[in-house]
Amino acid sequence: MAESSTRWDMPAPIRYPDPNIVVLDPRFQTIFIGNTGVRRIATGFDFTEGPVWFGDGRYLLFSDIPNDRILRWDETTGGISVFRDPSHYANGNTRDRQGRLITCEHDTQRLTRTEYDGSVVVLADQYQGKKLTGPNDAVVKSDGTIWFSDNGAGTRGNYLGHTAPQEHPFRVYRYDPYTATLTIAVDDMARPNGLCFSPDESRLYVVDTPNDGAKSTFVYDVVDNGTRVTDRRAFFGGVGWADGIRCDTEGNVWCGFSGGEGEDGVAVFAPDGTLIGRVLLPERCANVCFGGRKRNRLFMAASQSVYALYVEAQGAVGV
């Protein structure tokens with residue numbers, strides 16, 4: 001069980017091995033590092049989301065949605081600065097294969113790309129002449145296409161965006177930047193949320209978080225030269241649920257996880273759907289990414305704080 005808030009508020013040493021890192025399967029033992037621990041690297045926010053690593057600058061960007069800003073954490077100094085304010089209530093962030101920032105904006109209900117000069121280009125804000133419900137999370141495939149969930153999280157109230165009518169069912173879309181076309185990738189979920197590809201891009205994992213009903217994570221096969229998915233099946237479900245997800249190079253799925261006190265944090269699932277390890281936090285974790293100089297540092301956006309942990313796993317490129 002995660003320790004009391006005293007650990008997170010005081011710079012006291014952590015007794016190794018960190019009890020907040022839980023090995024549940026031998027496969028996680030090779031990922032677990034016994035002489036490192038979970039660190040809270042930033043706090044004082046309202047709802048953090050969308051962590052994305054910029055290795056070329058050694059910094060992490062993440063969204064603080066209710067405060068309408070994207071923040072920057074500097075790995076070399078540990079300092080926090082404002083990257084974008086206002087951010088249009090940005091949620092999920094990722095990078096395309098050219099290193100540009102891709103952002104899901106709640107308030108404007110659009111998907112954007114930040115160019116090298118800092119200018120912002122709108123990639124998608126409508127489908128068939130009607131506004132998107134509010135892009136939530138995104139991932140970029142090796143062919144350059146951007147797959148993103150559109151689930152209305154920013155148009156249900158003013159705290160995370162604004163109140164607006166829903167003009168489309170909640171879906172996952174595929175955006176092709178070369179033809180500027182938007183197509184439906186997933187339309188059989190109540191409310192798609194986090195998503196990621198397996199390292200070889202043969203699978204697409206998507207979290208379904210309906211407002212009412214069971215929350216689950218599903219997996220699809222990617223077919224037709226990477227343009228379409230099929231054969232939906234359950235990946236995991238049960239007590240607790242995932243939000244943002246990312247894969248490591250071995251195909252393990254790392255999930256920002258909510259399950260209540262003593263369960264919140266990150267859950268790690270093997271490719272066969274077995275829960276193999278946990279990283280327990282004192283807050284619900286919304287999203288994760290890998291970064292650091294060797295791409296072996298897990299960053300966790302968790303409610304009011306951002307945490308980091310070194311692991312013997314590396315994030316898969318682009319997922």
Spacing of [atom1] belonging to [X] relative to [atom2] belonging to [Y], to within rounding of 0.5 Å:
X	Y	atom1	atom2	result
F32	E312	CZ	CD	11.5 Å
L281	M300	CG	CE	5.5 Å
R97	I102	CZ	CD1	12.0 Å
I70	S81	CD1	OG	12.0 Å
S87	R69	OG	CZ	9.5 Å
L275	D25	CG	CG	8.5 Å

Between [X] and [Y] (side chain of the first, backbone of the second, donor and acceptor by atom type, cut-off under 3.5 Å), is there such a pair?
X	Y	result
S63	I65	no
N93	N91	yes
T30	R27	yes
E283	Q304	yes
E167	T133	no
Q98	R100	no
D187	R171	no
E201	S142	yes
D264	P282	no
H106	L160	yes

Side-chain heavy atoms nearer than 4.5 Å, only ILVMFWY residues, links allowed to pass through others: does that put [X] and [Y] together?
X	Y	answer
V223	V186	no
F257	V253	yes
V288	V311	yes
L101	L71	no

Looking at side-chain heavy atoms only, is the closest gap between [X] and [Y] below 4.5 Å?
X	Y	result
C255	F269	yes
F218	Y205	no
P66	D64	yes
R95	V140	no
L111	I146	yes
D150	V172	no

Take atom [atom1] in [X]; do more than 12 heavy atoms of anything else shown fall under 6.0 Å from it?
X	atom1	answer
N211	CG	yes
R58	CZ	yes
E115	CD	yes
R84	CZ	yes
R233	CZ	yes

So, for [X] and [Y], which heavy atoms are closest and what is the spacing to 0.1 Å?
X	Y	result
N252	P271	OD1-CD, 3.5 Å
A313	D248	CB-OD2, 3.8 Å
D18	G37	OD2-CA, 3.3 Å
D137	L195	O-CD2, 3.5 Å
E75	G292	OE2-CA, 3.8 Å
P51	N287	CD-CB, 3.6 Å

Within residues 119-131 or reaching into it, pairs that qualify as salt bridge (charged side-chain N to carboxylate O under 4.0 Å, His left out) - sequence neighbours excluded | none
Please report the C-alpha distance between F54 and Y59 in whole Å, then the side-chain angles of each, then the deciding distance to 0.1 Å, and finally whether the ring pair (Phe, Tyr, Trp, His ring centres under 6.0 Å) criterion is met.
-> CA-CA 5 Å; F54 279 72; Y59 62 85; 5.1 Å; yes
Taking salt bridge (charged side-chain N to carboxylate O under 4.0 Å, His left out) as the test, write out the residues that go with D107, two or more places apart.
-> none
Residues that D117 engages under salt bridge (charged side-chain N to carboxylate O under 4.0 Å, His left out), provided they are two or more places apart = none
Is it the case that the side chains of [Y] and [X] hold a donor-acceptor pair, with the cut-off being a distance below 3.5 Å and no angle test?
X	Y	answer
S149	N151	no
R191	T209	yes
D188	Y220	yes
R110	T112	no
R203	S198	no

Identified side chain to side chain contact (heavy atoms under 4.5 Å, CB included) partner of R278 from the options L24, V23, I21 | L24
Identify which one of V229, T230, D200, T227 satisfies the side chain to side chain contact (heavy atoms under 4.5 Å, CB included) criterion when paired with V222.
-> V229
Can you run down the ring pair (Phe, Tyr, Trp, His ring centres under 6.0 Å) pairs that involve residues 278-315, sequence neighbours left out, and say none if there aren't any?
-> W8-Y307, W53-F299, W73-F299, W254-F290
Could you note down all residue pairs passing ring pair (Phe, Tyr, Trp, His ring centres under 6.0 Å) where residues 134-163 supplies at least one of them, sequence neighbours left out?
-> W147-F197, F148-Y173
Start with the C-alpha distance between N193 and D208, add both sets of side-chain angles, then the distance that settles side chain to side chain donor-acceptor pair (under 3.5 Å), and finish with yes or no.
-> CA-CA 6 Å; N193 199 323; D208 192 12; over 6 Å; no
Partners meeting side-chain contact (heavy atoms from CB on, under 4.5 Å) with R15 (sequence neighbours left out) = none
Could you give me the CA-CA distance, side-chain angles and deciding distance for L60 and R297, then say whether side-chain contact (heavy atoms from CB on, under 4.5 Å) is met?
-> CA-CA 11 Å; L60 179 82; R297 197 173 190 186; over 6 Å; no
F83 six-ring face occupied by R72 cation (under 6.0 Å, within 45°) | no
